[in-house]
Amino acid sequence: MSQVSGGSGGSGRDGGPRVALVTGAARGIGAAVVRTLCARGYRVVAVDSCAADGPARPAGVTYPLAADADLKSLADDLPGVVVPYIADVRDRDALARAAAVAADRFGRLDAAVAAAAVMAGGLPLWETPDAHVRALWETDVLGVWNTAAACVPHLLAGPEPGACRFVAVASAAGSHGLFRLSAYTMAKHAVVGLVRGLAADLVGTGVTAAAVSPGSTRTPMLAATAEVYGLDGVEGFASSQLLRRLIEPAEIAETIAFCCSREGGVVNGSVISADGGFTP
């Protein structure tokens, strides 16, 4: 699934559009990031596993993931500027091919956003099945690792590495311990460490790395978390944020878009808490 036609505009200093790769792009925060970057003149390779509720869905994930139709709908809404690409972030070779699409189709890659993640939980740590722990580690942590490993060489080799950015979506769980979500909490803490290590490795290259940690955001994952806690819906999570409301994916996307920008280099090595004042 991939096609793109010509488009206009862009913010590259050489006159060409900036180009981004976004994982977890078919819905939720990932889809909002794609839309926000496109509104700023980017061309985007939108990557998603589109596993839905099929056999490729990671162990312990009880809610349907995005489907092919979600990714196609996103690309159809943004004709000429989005290349949809089906790939599982657990597959490093598949991500390498996706990054190559960006470079081959558009001649550059300026930003990579690792937004793909899954949630599994509901049990205390000592009762959590090993398969669920591995699934969260492989998708939520190694998926970010694989995205960086696939994309950073293209960022370094591009025409403007000093303006290239890697951004990972972490979570408020990256700085708090969440009840009955020990494996997810572990994974998101690891994402924070991964980004800080990557930023250190990138010293002197101009390319930067940062993480954004959303709070309770209105996504299918939050709905699944409500089910884990036996809640009737997601609105109850608003009381855990000083905003006293849920965050919308578009709001997180605005923060991520800043991190992807030239000006976003100032948050190198940082974890931005876009959590509305989250207090578990």
Just by modelled atom types, is the Pro159 backbone N or O under 3.5 Å from a matching donor or acceptor in the Arg108 side chain?
no

Counting C-beta onward and ignoring hydrogens, is there a side-chain heavy-atom pair between Val89 and Leu95 closer than 4.5 Å?
yes

Could you see if Val101 belongs to whatever hydrophobic cluster contains Leu21? Use Ile, Leu, Val, Met, Phe, Trp, Tyr and a side-chain cutoff under 4.5 Å.
yes

Go through it in stages, so that I can follow the logic: the residues are Glu254 and Arg40, the test is salt bridge (charged side-chain N to carboxylate O under 4.0 Å, His left out), and I'd like the CA-CA distance, side-chain angles, deciding distance and then a yes or no.
CA-CA 11 Å; Glu254 290 287 342; Arg40 285 161 170 71; 2.5 Å; yes

Let's go through Arg43 and Leu37 carefully: what are the C-alpha distance in whole Å and the side-chain angles of both, what is the deciding distance for side-chain contact (heavy atoms from CB on, under 4.5 Å) to 0.1 Å, and is it a yes or a no?
CA-CA 8 Å; Arg43 303 296 181 263; Leu37 291 179; over 6 Å; no

In this structure, CG of Asp68 is separated from SG of Cys50 (nearest 0.5 Å) by 4.5 Å

Is any side-chain heavy atom of Thr225 closer than 4.5 Å to one of Leu181?
yes

Look at Arg218 together with Glu235 and state whether they make a salt bridge at an N to O cut-off of under 4.0 Å.
yes

Closest non-hydrogen atoms of Leu71 and Ala46, given as atom of the first, atom of the second and distance, are CD1-O, 3.7 Å

Which heavy atom in Pro214 sits nearest to a heavy atom in Ala170, and how many Å separate them?
CD-O, 3.7 Å

Between Thr23 (side chain only) and Ala116 (backbone N and O only), is there a donor and an acceptor less than 3.5 Å apart?
yes

Asp91 (side chain) donor-acceptor with Ala94 (main chain) under 3.5 angstrom
yes

Can you tell if the side chain of Thr219 reaches within under 4.5 Å of the side chain of Pro249, non-hydrogen atoms only?
yes

Main chain of Thr279, side chain of Gln241: is a donor-acceptor contact present, judged purely on distance under 3.5 Å?
no

Is there a path of hydrophobic side-chain contacts, each under 4.5 Å between heavy atoms, that joins Met221 and Ile252?
no

Examine distances only and state if a side-chain atom of Asp140 and a backbone atom of Val118 form a donor-acceptor pair shorter than 3.5 Å.
yes

As an exercise, state the distance from CG of Leu136 to OG1 of Thr128, rounded to the nearest 0.5 Å.
9.0 Å

Check for a donor-acceptor pair, side chain of Arg18 on one end and backbone N or O of Ala163 on the other, with a separation under 3.5 Å.
yes

Salt bridge (charged side-chain N to carboxylate O under 4.0 Å, His left out) assessment of Asp93 paired with Arg97
CA-CA 6 Å; Asp93 290 339; Arg97 291 190 292 271; 5.3 Å; no

Nearest heavy-atom contact between Ala274 and Val212 is CB-CG1, 4.0 Å

Between Arg262 (side chain) and Cys260 (backbone), is there a donor-acceptor pair under 3.5 Å?
no

Could you check whether any side-chain heavy atom of Asp48 comes within less than 4.5 Å of a side-chain heavy atom of Asp70, counting everything from C-beta outward?
no

From CA spacing to verdict: side-chain contact (heavy atoms from CB on, under 4.5 Å), Arg35, Asp77
CA-CA 9 Å; Arg35 294 181 184 280; Asp77 285 348; 3.0 Å; yes

Can you give me the closest heavy-atom contact between Ala173 and Leu178, atom names plus distance?
CB-CD1, 3.6 Å

In one Ile/Leu/Val/Met/Phe/Trp/Tyr side-chain cluster, 4.5 Å: Val133, Val61:
no

Heavy-atom closest pair, residues Ala59 and Ala135:
O-CB, 3.4 Å

Check the hydrophobic clustering (I, L, V, M, F, W, Y; side-chain heavy atoms under 4.5 Å; chains of links allowed) and say if Ile29 and Phe278 are grouped together.
no

Is there a donor-acceptor contact under 3.5 Å from the side chain of Ser73 to the main chain of Ala69?
no

Using the side-chain contact (heavy atoms from CB on, under 4.5 Å) rule, take Val169 and Val191 through it: C-alpha gap first, then chi angles, then the decisive distance, then the call.
CA-CA 8 Å; Val169 178; Val191 170; over 6 Å; no

What one should report as the nearest heavy-atom pair of Ala168 and Val195 is CB-CG2, 3.6 Å

Angle between ring planes, Tyr229 versus Phe179, binned at 30° and 60°: parallel, tilted or perpendicular?
parallel

What is the distance from atom CZ of Arg57 to atom CG of Leu65, rounded to the nearest 0.5 Å?
6.5 Å

Separation of Asp275 CG from Ile247 CD1 (nearest 0.5 Å)
6.5 Å

Selection residues 114-168 - residue pairs positive for ring pair (Phe, Tyr, Trp, His ring centres under 6.0 Å), sequence neighbours left out:
none

Rounded to the nearest 0.5 Å, how far does CD of Glu263 lie from CZ of Phe258?
6.5 Å

Are Ser213 and Ile272 packed together at the side-chain level, in the sense that at least one heavy-atom pair is separated by less than 4.5 angstrom?
no

With sequence neighbours left out, what residues match His189 under ring pair (Phe, Tyr, Trp, His ring centres under 6.0 Å)?
none

pair Val34-Val82: side-chain heavy atoms closer than 4.5 Å:
yes

Show, in sequence, the C-alpha distance, side-chain angles and deciding distance for Val167 and Val33, and conclude whether the side-chain contact (heavy atoms from CB on, under 4.5 Å) test is met.
CA-CA 11 Å; Val167 185; Val33 170; over 6 Å; no

Does Thr205 use its side chain to pair, donor to acceptor, with the backbone of Val207 at less than 3.5 Å?
yes

Answer with yes or no whether the hydrophobic clustering places Tyr184 together with Phe237; edges join I, L, V, M, F, W, Y residues whose side-chain heavy atoms lie under 4.5 Å apart.
yes

Are the side chain of Glu251 and the backbone N or O of Glu248 linked by a donor-acceptor pair below 3.5 Å?
yes

If we only count heavy atoms from C-beta on, is the Leu246 to Val234 side-chain gap below 4.5 Å?
yes

So OH of Tyr42 and CG of Leu78: to nearest 0.5 Å the spacing works out to 15.0 Å

Side chains of Arg27 and Pro220: does their closest heavy-atom pair fall under 4.5 Å?
yes

